[in-house]
There are 4 protein chains.
Amino acid sequence: MKKTEEELATCEKYQRILDAAVEVIAERGYFKSPVSEIAKRAGVADGTVYLYFKSKDDVLRTAIDRTFEKFYKQIADAFVTLAGPREQLEYIALVHLESCTVNRSMAVLMQTEMRQSAKFIAEFSHHHLVKYIQMVREVVRRGQDEGIFRRDVSDGVVAHCMFGAIDELLSSAVFTGRVYDAKSTAAQVMDVLLNGITAGA
Amino acid sequence: MKKTEEELATCEKYQRILDAAVEVIAERGYFKSPVSEIAKRAGVADGTVYLYFKSKDDVLRTAIDRTFEKFYKQIADAFVTLAGPREQLEYIALVHLESCTVNRSMAVLMQTEMRQSAKFIAEFSHHHLVKYIQMVREVVRRGQDEGIFRRDVSDGVVAHCMFGAIDELLSSAVFTGRVYDAKSTAAQVMDVLLNGITAGA
Amino acid sequence: MKKTEEELATCEKYQRILDAAVEVIAERGYFKSPVSEIAKRAGVADGTVYLYFKSKDDVLRTAIDRTFEKFYKQIADAFVTLAGPREQLEYIALVHLESCTVNRSMAVLMQTEMRQSAKFIAEFSHHHLVKYIQMVREVVRRGQDEGIFRRDVSDGVVAHCMFGAIDELLSSAVFTGRVYDAKSTAAQVMDVLLNGITAGA
Amino acid sequence: MKKTEEELATCEKYQRILDAAVEVIAERGYFKSPVSEIAKRAGVADGTVYLYFKSKDDVLRTAIDRTFEKFYKQIADAFVTLAGPREQLEYIALVHLESCTVNRSMAVLMQTEMRQSAKFIAEFSHHHLVKYIQMVREVVRRGQDEGIFRRDVSDGVVAHCMFGAIDELLSSAVFTGRVYDAKSTAAQVMDVLLNGITAGA
DNA sequence: CATGAATGAGAATTCATTCAT
DNA sequence: GATGAATGAATTCTCATTCAT
């Protein structure tokens, strides 16, 4: 009986290919990462990659999707018991900055490939970004409703600023190879940002 | 008499190739932009590109270099008559956000290629970024010395936040195709950021 | 399971490509022999050549190496039962002159490519030549020790003369397309040469 | 008034291009020697080369032709006052081996390009070689007629042997960069060869 | 005569994808 | 399912030759 896509996805090889792809692409860049290299690192034959994925693009797409899913899952889980707008924003910042620690290869890949030339990636990764922005905007709006945050700043601008600021710090660390303390860095960024948007005394 | 490199650079075709490259790469991405396509768009033969540039890489490198040069030139010129730290930061933000208006293709290219897989680009574009960050850090430090800005925030973190925030707003506009008012957007971002780092009452 | 290089080398296609390359290069010369033409003659796709060889250079290098290996193997085998210096030199001359009969294309290639412009070929083929010269010198020296050959001639000069003389006869035949009797030609050359170096009565 | 080809040939630039071509080709090999490089070394524009020569091939062809002409002229001049077959052969050997001293670049070019892949060169250079061989054969035949040389060896074989032996010594010196004494080397080769063909006591 | 910018026809090589085993 | 040899389209870059100035 034919396995469904769902079942394929749980196969061990599927995951191995995904992990190998992220590693190789982080090291060499998408266009310089032959499928043969990914297959080799995954310990499978070149053709096997095509049993689990439609194309090379599909491998990368899937890897990024999975990463974002985990990211949003982690946030959602925490929000259940983390109610305050400030605390929620601080938590997002922390998880965002920790992504580097969780899976360095993926962080590199995000910083180097996500915004890049492969238009297909840029376009689909934009979806994920939109979700991030919306998530933050909602928190910001709630903070404004509750009188915690200034009402004279656009929630959209704030959300983009927050994402951009953290993303840049992450990016800078990725490129320079510098290791940083996610907690303290998150604290500093959010200190500035929250101070900037806190409803005046 | 053979033209010097300097003279070649002022040739009309040189500029046409550069412009065509930026356009094509902005549309299709660096790795999906064959030299033949760039040449066609510039209205020259494939081989002609190699009369003006050492390689495909060199075309992109040069285009980005020129853009940054103009950017820094504009800032430097303005700083002569623009002394206050707040005003200077606001000016940088404005010029940064206006880059989209000046040359949309170049803005797209910056957002898609600068951080990307071609390690060579990532590496050399990092130089330019470092210069931006340092420029902002110096202004921030001066603001701190003058008692205008909080002394308990790292000038480096502030600089990265500012670049990241603006870059992200720009990026978002570039991807969605949205047009925005640079002046007002700059004002909003800097309102939040400057408010965040202003020395407390 | 991936084939080792050893295994690849025994593959039928490997040999077909090698043979096709020798043929095409003998006909058109190395630099005028596109890989595409070699592939076509071998009945494989262009890319297939690169599954078996690192580069176009590598194909030629390998073909010449194989030929010399066979040549030296044949000599070494015969020397086991062929002791006299005169007989040994005569045998080398014979095998050298017969190379044309064994594989005409390879003989042509040797005459046209071995000394040629591709510096890489000149350099590596020099190794093979050096081996030839040393082989002859040793025989000559032994003949001198045994009092068969004149002691007042340099073994090196004799060796180069012998190689040069035979190589030129071969070359001449190759270019004119003339067929000759290897045995009788070898006899004539060696008659002159051995007579010239025989220890006087 | 249009200049004849003859007149063109006497122009100073004509000679400069010829010399530059020999130098560059000796250094880099025919196929790796762009016309632009030859033109640069000759101090003329690329296009100028085509005012004096039909094609790149034509430059090389002409350079080799001129060299052989000089070679045969020198031999012919000397033969007027040099009558004996032994002395004549010894003179040819000497001039042949001295070619390296006279114009090293040309000697290199001869050894690397003359027999090579460019079929056109192989074919036309063969003409020159044929002339060399015939010249020697005539001398040998006269020596046989005069009873100086053995009658039981083919004049053709002797001629090829002589050319081949000397050519190989030259070639070896060219490749290794070794400098040798033309006079003494010529003496050694001809000692062996003449001894080998001298009519027995 | 001389120039050298422009051309465009190749040439070597890579690699995503397929398919017979 | 799994394999990996084979394919051939696509790409970058070179350089002989031309021709407008």
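What's counted below: heavy atoms across the whole structure, side chains too, no hydrogens, waters or symmetry copies. Chain letters run A, B, ... following the sequence lines, proteins first, then strands; residues in each count from 1.
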Sugar-phosphate, base or nothing in reach of A:V49, heavy atoms under 4.0 Å: nothing
Distance below 4.0 Å between B:Y50 side-chain N/O and E:dA6 OP1 or OP2: no
Residue whose closest nucleotide on DNA chain F lies nearer the 5' end, B:G47 versus A:G47: A:G47
Given E:dA6, F:dA6, E:dT17, the nucleotide with the shortest approach to the side chain of A:S55: E:dT17
C:E37 CD to E:dA12 C1', straight-line distance once rounded to whole Å: 15 Å
Between E:dA12 (P) and D:F31 (CZ): distance, integer Å: 12 Å
Nearest-neighbour nucleotide for the C:V35 side chain, F:dC15, E:dT13, F:dT17 considered: E:dT13
Side chain to side chain contact (heavy atoms under 4.5 Å, CB included) evaluation trace for A:V108 with A:V22: CA-CA 9 Å; A:V108 171; A:V22 170; over 6 Å; no
Side chain to side chain contact (heavy atoms under 4.5 Å, CB included) between B:Q15 and B:Y52, intermediate numbers included: CA-CA 10 Å; B:Q15 197 55 50; B:Y52 294 92; over 6 Å; no
Side chain of D:K56 - closest among E:dA12, F:dA16, E:dT7: F:dA16
Intra- and inter-strand pairs of DNA chain E in dot-bracket (Watson-Crick or G-U wobble, both distances under 3.5 Å; | for another strand): .||||||||||||||||||||
Side chain proximity check, D:D65 to D:H128, heavy atoms < 4.5 angstrom: yes
d(CZ, B:R28; C1', F:dT11) in whole Å: 12 Å
Distance-minimising heavy-atom pair for A:A26 and A:S105: CB-O, 3.3 Å
Contact summary for B:V174 and B:R104, nearest pair of heavy atoms: O-NH2, 3.3 Å
Interatomic distance where OH belongs to B:Y52 and P belongs to F:dT12 [whole Å]: 20 Å
Interatomic distance, B:I17 CD1 vs F:dT12 C1' [rounded to whole Å]: 15 Å
B:T48 side-chain N/O to E:dA6 phosphate OP1/OP2 under 4.0 Å: no
Whole-Å gap separating P (F:dT18) and CG (D:L51): 11 Å
Check ion pair B:E27-B:R41 (N to O, under 4.0 angstrom): yes
Distance below 4.0 Å between A:K13 side-chain N/O and F:dA2 OP1 or OP2: yes
Rounded distance (Å) that lies between atom C1' of F:dT21 and atom CG of D:D46: 16 Å
Within 45° cone and under 6.0 Å: D:K56 NZ/CZ vs D:Y30 ring: yes
5'-most by nearest nucleotide on DNA chain E - B:G43 or D:A45: D:A45
Spacing between C:K32 atom NZ and E:dA12 atom C1', to the nearest angstrom: 17 Å
